[in-house]
Amino acid sequence: MCTARLLACLRQPAWGDWLRARLTLLPVVGPALRKLALARIAWALRLTMNVDMDLRKVAPIVLRASGNARYGRHGPKVAAGIDRGAPLS
């Protein structure tokens, strides 16, 4: 019953973003969720590297592709950093 409620919350955008961001802080589940989110970011970055689009626009899209609000909310900061000439690493 509890698992069904958790899955239902994850499907709703408002609760799902908040809950996924908090689940990444848990000791056992957190590292696995962070690795999955980073794998999605790497995959999305790979797909967008050969696109004729400005990196300042691509970076926020790639971060949102992680499906995790913890990474997605940093899109504007990353774009501003790229605009200043900061590296992606």
Side-chain angles (χ1 to χ4, degrees):
M1 184 69 170
C2 185
T3 305
R5 286 185 184 172
L6 178 65
L7 290 175
C9 285
L10 284 173
R11 288 188 187 114
Q12 296 176 1
W15 279 98
D17 290 344
W18 180 85
L19 192 55
R20 274 188 293 274
R22 298 306 177 269
L23 285 175
T24 58
L25 301 174
L26 292 176
V28 176
V29 180
L33 290 176
R34 284 192 297 270
K35 287 178 185 176
L36 286 171
L38 290 174
R40 284 189 214 113
I41 289 172
W43 177 70
L45 192 58
R46 181 178 179 270
L47 289 176
T48 58
M49 278 293 117
N50 293 327
V51 175
D52 189 27
M53 191 173 177
D54 188 16
L55 187 58
R56 289 171 291 194
K57 292 182 181 179
V58 168
I61 294 169
V62 166
L63 290 173
R64 281 194 313 264
S66 70
N68 192 318
R70 184 175 187 187
Y71 298 107
R73 70 175 176 239
H74 295 292
K77 292 178 191 175
V78 172
I82 292 169
D83 199 31
R84 288 190 312 268
L88 284 178
S89 60

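Keep in mind it's a predicted model, so treat the numbers as computed, not measured. Any value given below was found using the heavy atoms of this structure, including those in side chains, with hydrogens, waters and symmetry copies removed.
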Minimal heavy-atom distance between Gly72 and Ser66, with the atoms involved, is N-OG, 4.3 Å
Could you give the distance from CD1 (Ile82) to CZ (Arg56), rounded to the nearest 0.5 Å? 8.5 Å
Atom pair CD1 (Ile61) and OG1 (Thr48), whose distance is rounded to the nearest 0.5 Å: 8.0 Å
Residues that, via side-chain heavy atoms closer than 4.5 angstrom, fall in one hydrophobic cluster with Val28: none
Using the side-chain contact (heavy atoms from CB on, under 4.5 Å) criterion, which residues pair with Ala44? Sequence neighbours excluded. Val62, Ala65
hydrophobic_cluster_shared for Leu26 and Leu33, side chain cutoff 4.5 Å: yes
Hey, does Leu63 have a side-chain heavy atom less than 4.5 Å from the side chain of Ile41? yes
Show every salt bridge (Lys or Arg N to Asp or Glu O under 4.0 Å) that has at least one partner inside residues 57-82, sequence neighbours left out. none
Common cluster, Met53/Val78, ILVMFWY with side-chain heavy-atom separation under 4.5 Å: yes
Transitive ILVMFWY side-chain link Val58 to Val51, under 4.5 Å: yes
If a pair satisfies salt bridge (Lys or Arg N to Asp or Glu O under 4.0 Å) and one of its residues is in residues 29-48, list it, with sequence neighbours excluded. none
For the student: nearest non-hydrogen atoms of Pro27 and Pro31, plus distance: O-CD, 3.1 Å
Leu38 with Met49, same ILVMFWY side-chain cluster at under 4.5 Å: yes
